[in-house]
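Computed over heavy atoms, backbone and side chain alike; hydrogens, waters and symmetry mates excluded.
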Amino acid sequence: MAAQFQLTMRSGPNPGKVFPLEAAEITVGRDTSNGIAINDAEVSRRHAKLTLQGNAYALEDLGSTNGTFVNGTRLSGPFTLKTGDTVSFGENIVLLYEAAFDPNATMAAPAKPAKAPMAPMPAAAPAAAPAAAAPLPSYSGQVPAGPAPVPAAGKKSGAGKVVIIVIAILLVCLILACVALFLWVDADKTGARWCMLPFRFIAELVGGVCQ
């Protein structure tokens with residue numbers, strides 16, 4: 001049958017070892033022929049006996065040398081165990097009587113609380129358009145960032161002055177050349193040079209006669 005109770009060793013040769021109680025009658029002792037074998041010098045070869053009575057086990061000492069104890073009290077006759085009782089064999093062997101855990105039992109899962117409906121998220125407000133940058137104020141007498149551009153008319157006037165100077169020089173040279181030429185012609189005492197073209201027209205205008 002499936003174990004409803006078990007003994008768990010708290011102190012002794014195998015602490016933490018679990019002895020499931022599955023038979024209607026179980027003997028406890030040092031000999032390996034016992035239903036619960038505990039290899040310790042304080043345990044007699046046949047130390048105690050567990051008998052199922054209804055829904056609980058009754059524990060009885062079998063005349064052991066070091067005695068059987070429940071919750072620190074030595075037994076002098078059968079004792080019905082309750083869940084949580086401490087069973088001792090001698091002074092150092094201590095076991096806990098407890099309900100057995102069935103690994104195949106289905107545990108009811110706690111009901112999950114119903115989720116509250118989520119409120120709709122508020123629509124995000126449209127982002128405000130960035131404000132236009134204000135124009136920088138202008139101040140009277142403000143120093144300009146760079147030199148003022150020179151108007152193109154100044155360049156043209158300078159070029160015109162150069163042209164006028166060149167023309168004046170050419171006119172002076174021409175006048176000087178004419179003067180020198182007339183002096184050269186007039187230097188001829190015979191007057192023959194005045195009859196040469198184009199001086200001949202000038203001579204006739206002033207009343208000269210050329211043959």
Side-chain angles (χ1 to χ4, degrees), residues 1-137 139 145-146:
M1 66 177 181
Q4 297 181 356
F5 300 95
Q6 64 187 21
L7 288 173
T8 303
M9 183 174 290
R10 290 299 182 86
S11 64
N14 303 107
K17 185 175 182 179
V18 177
F19 301 96
L21 307 181
E22 299 177 334
E25 185 175 295
I26 305 170
T27 58
V28 181
R30 190 173 69 249
D31 194 274
T32 57
S33 62
N34 293 283
I36 297 178
I38 301 175
N39 187 15
D40 190 274
E42 289 194 21
V43 180
S44 300
R45 294 176 63 87
R46 285 177 58 85
H47 195 106
K49 180 176 68 174
L50 288 162
T51 305
L52 182 62
Q53 296 179 354
N55 293 327
Y57 276 90
L59 178 63
E60 181 182 1
D61 185 77
L62 298 179
S64 64
T65 302
N66 295 312
T68 301
F69 301 81
V70 175
N71 298 328
T73 302
R74 186 166 184 165
L75 298 183
S76 58
F79 180 87
T80 303
L81 297 173
K82 299 182 298 295
T83 302
D85 284 344
T86 300
V87 177
S88 302
F89 302 115
E91 296 181 357
N92 299 322
I93 310 301
V94 180
L95 298 96
L96 178 65
Y97 178 77
E98 56 188 355
F101 172 73
D102 186 1
N104 297 322
T106 303
M107 297 181 63
K112 294 183 179 180
K115 293 184 178 180
M118 296 180 63
M121 295 292 292
L136 295 175
Y139 301 96

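In terms of the side chain to side chain donor-acceptor pair (under 3.5 Å) criterion, R10 has no residue partners (sequence neighbours excluded).
When I26, L7, T51 are each tested for a side-chain contact (heavy atoms from CB on, under 4.5 Å) with Y57, only one passes: I26.
Here the CZ atom belonging to F69 is positioned 11.5 Å from the CG atom belonging to L59, to the nearest 0.5 angstrom. Atom-to-atom distance recorded for N39:CG and N14:CG is 8.5 Å, nearest 0.5 angstrom. Note that NZ of K17 is 13.0 Å distant from CD of Q6, once rounded to the nearest 0.5 Å.
Within the 4.5 Å cutoff, the side chain of P13 has heavy atoms near those of the I93 side chain. At a threshold of 4.5 Å between non-hydrogen side-chain atoms, the residues H47 and R30 do not count as touching.
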**Request:** Test N92 against D40 for side-chain contact (heavy atoms from CB on, under 4.5 Å), laying out the working first.
**Result:** CA-CA 9 Å; N92 299 322; D40 190 274; 5.8 Å; no
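Relative ring orientation between Y97 and F5 is described as parallel, the plane-to-plane angle staying below 30° on a 0-90° scale split at 30° and 60°.
For E42 (side chain) and E91 (main-chain N/O), a donor-acceptor pair under 3.5 Å exists by modelled atom type.
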Residues 31-38, side-chain donor-acceptor partners within the protein, below 3.5 Å, at least two apart:
residue	atom	partner	partner atom	Å
D31	OD1	S33	N	2.9
D31	OD1	S33	OG	2.6
D31	OD2	R45	NH2	2.8
N34	OD1	T27	OG1	3.0
N34	ND2	D31	O	2.8
N34	ND2	R45	O	2.9

Side-chain polar contacts of residues 74-87 - donor-acceptor pairs under 3.5 angstrom, sequence neighbours left out - could you list them?
residue	atom	partner	partner atom	Å
D85	OD1	N71	ND2	3.2
D85	OD2	K82	N	2.7

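When all heavy atoms of T65 and S44 are compared, the closest pair comes out as N-OG, 3.1 Å. In terms of heavy-atom proximity, G16 sits nearest to T8 at O-CG2, 4.2 Å.
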